[in-house]
Amino acid sequence: FFFLMIRRPPRSTQGVSSAASDVYKRQVSTQSTWDFQWCQRRSMGKESKSQFSLKKVKQYILVGRAKPVAGQKEEPKVYRMRVFAPNTVIAKSKFWTLMRKQKKIKHTGGELIAIHEVIENPSKSVKVYGIVLRYQSRTGYHNMYKEYRDTNICGAMSQMYMDMAGRHRAREETIHIVRTCVVPESKIKRAETKSFTNGNVKFPLLNRISRPPIKKFKAFARAKRPTLFLQQNNSDS
Amino acid sequence: FFFFFKQKTAYEILSGLVGSEMCIRDRYMGIFNIQGGLMGFKRFVQAGRVAYINYGVDHGKVCVIVEVINSTRVLVDGPTLGVPRQVISLRRLALTDHLLKVAKGIHTKALEIVIKKNDLVKKIGESSWAKKLAAQKRRAELNDFERFQVMMLKRQKAYLVNKDVAQAKGKKSKKAPAKKPKEAKSGQQAFYASNYINLFAPVSYTHL
């Protein structure tokens with residue numbers, strides 16, 4: 001019964017949310033019911049192999065509630081959460097962590113009703129994803145808004161995690177995602193994202209080292225140092 | 001008096017840019033557009049650029065850059081070229097001279113029309129790069145007997161070439177050295193052209 005109540009996740013969160021993943025109350029909504037087959041379809045066949053998108057995380061929808069207690073009048077409220085995690089185990093863990101913090105429902109006193117991976121359709125176009133996050137640095141908590149260009153939200157999220165790790169030494173555990181959205185071109189904030197969104201962007205490729213197409217052909221030692229300019233300057237196409 | 005004597009910060013003393021400042025200046029590809037020029041680069045990563053995939057699943061195929069995602073990745077498509085629409089790392093691409101006029105993010109079907117209109121497949125096949133690749137492929141496919149034939153033909157060719165070189169050397173030693181080398185060289189080239197032995201022509205043998 002509960003499965004039918006699950007909605008397709010919205011593109012962005014609505015209104016103000018706390019510094020944690022979104023927790024939705026069960027809603028009577030105008031959104032269409034979820035195509036169960038769509039969300040269960042795992043691989044996109046051959047296409048998924050050639051998709052070069054770093055997927056550090058997957059998107060999950062988790063639905064849970066407190067366990068009903070004997071003397072209780074009302075049924076416990078059902079909550080739905082959108083979580084980015086590398087696998088279901090961590091997704092569940094994150095879910096309960098936030099349920100505990102937000103709704104005072106512990107894993108022991110609650111039950112997970114459903115967990116579904118949200119699989120986006122294979123990439124056809126590049127979008128700009130805006131991510132609002134809160135992370136813990138060595139000295140305190142900070143909010144951030146970051147933009148990433150990618151074909152799907154999981155790719156953008158993966159970029160974000162790597163970016164945060166590289167720039168701020170913030171590991172995945174310390175980052176909470178507040179909000180994600182697809183940013184229309186007119187609303188892009190970051191200069192770098194803007195410059196790549198521009199249709200006339202162009203740049204040459206420098207310092208090209210040609211590498212063997214198959215690992216098998218990788219040589220341990222070579223007689224000559226590589227030429228770094230051939231691929232781009234060669235007018236012989 | 002002390003108003004005019006301000007302690008100079010390191011920033012003010014330095015006459016040029018520090019490394020990080022240069023990075024900031026050059027961050028958004030400014031270096032490629034110095035004074036309107038493009039520093040002599042001819043091939044750019046841009047929407048419509050035809051590129052050759054030199055690593056991975058689609059290695060050896062040609063594709064069209066549909067949209068630039070960031071400085072390391074692009075969205076690529078090759079409808080009649082056997083490349084599914086995908087995100088690919090720029091490390092796996094080699095840019096060609098061909099550039100199609102497409103809007104960024106063009107759909108597969110529309111791109112297919114553009115490719116057909118520009119006769120891209122034919123143009124790529126005619127390029128010396130493609131010919132070189134074809135020759136390499138042919139060489140890799142040779143069987144033992146064909147390799148033997150290649151060896152024999154190479155030997156014949158070497159004989160003819162050395163003969164001509166010896167002749168040219170003989171002529172050269174008799175006359176004044178200054179102008180002759182050019183002539184001798186062109187003589188060699190003419191010889192090559194006329195007596196070119198196609199080592200990679202398909203050889204048929206039915207007796208085996």
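Nothing here was measured: the structure is a model prediction, and the numbers come from that model. A, B, ... follow the sequence lines: proteins, then strands. Residue 1 opens every chain.
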Given that the side chain runs from C-beta out, which part of [X] has a heavy atom under 4.5 Å from chain A: side chain, backbone, both or neither?
{"X": "B:Ile69", "answer": "both"}
{"X": "B:Ser71", "answer": "both"}
{"X": "B:Arg91", "answer": "both"}

Say you draw a straight line from [atom1] of [X] to [atom2] of [Y]; how long is it, rounded to the nearest 0.5 Å?
{"X": "B:Asn70", "Y": "A:Gln159", "atom1": "CG", "atom2": "CD", "result": "5.5 Å"}
{"X": "A:Leu206", "Y": "B:Phe41", "atom1": "CG", "atom2": "CZ", "result": "4.5 Å"}
{"X": "B:Leu75", "Y": "A:Thr151", "atom1": "CG", "atom2": "OG1", "result": "7.0 Å"}

Worksheet item: Is there side-chain contact between A:Lys202 and B:Arg43, with heavy atoms separated by less than 4.5 Å?
Response: no
Note to self: Any non-hydrogen side-chain atom of B:Leu90 less than 4.5 Å from a side-chain atom of A:Phe203?
What the structure shows: yes
Assert top hit (heavy-atom pairs under 4.5 Å, partner chain A, pool B:Glu67, B:Gln46, B:His107) equals B:Glu67
Determine whether a donor-acceptor pair (N or O, by modelled atom type, separation under 3.5 Å) exists between the side chain of B:Lys104 and the backbone of A:Thr197.
yes
field: A:Arg149 (side chain) donor-acceptor with B:Val68 (main chain) under 3.5 angstrom
entry: yes
Is there a side chain to side chain contact (heavy atoms under 4.5 Å, CB included) between A:Asp150 and B:Arg73? Walk through the geometry before answering. CA-CA 9 Å; A:Asp150 209 303; B:Arg73 293 188 297 153; 2.9 Å; yes
Check your understanding: Around atom OH of A:Tyr145, are there more than 12 heavy atoms of other residues, nucleotides or ligands at under 6.0 Å?
Key -> yes
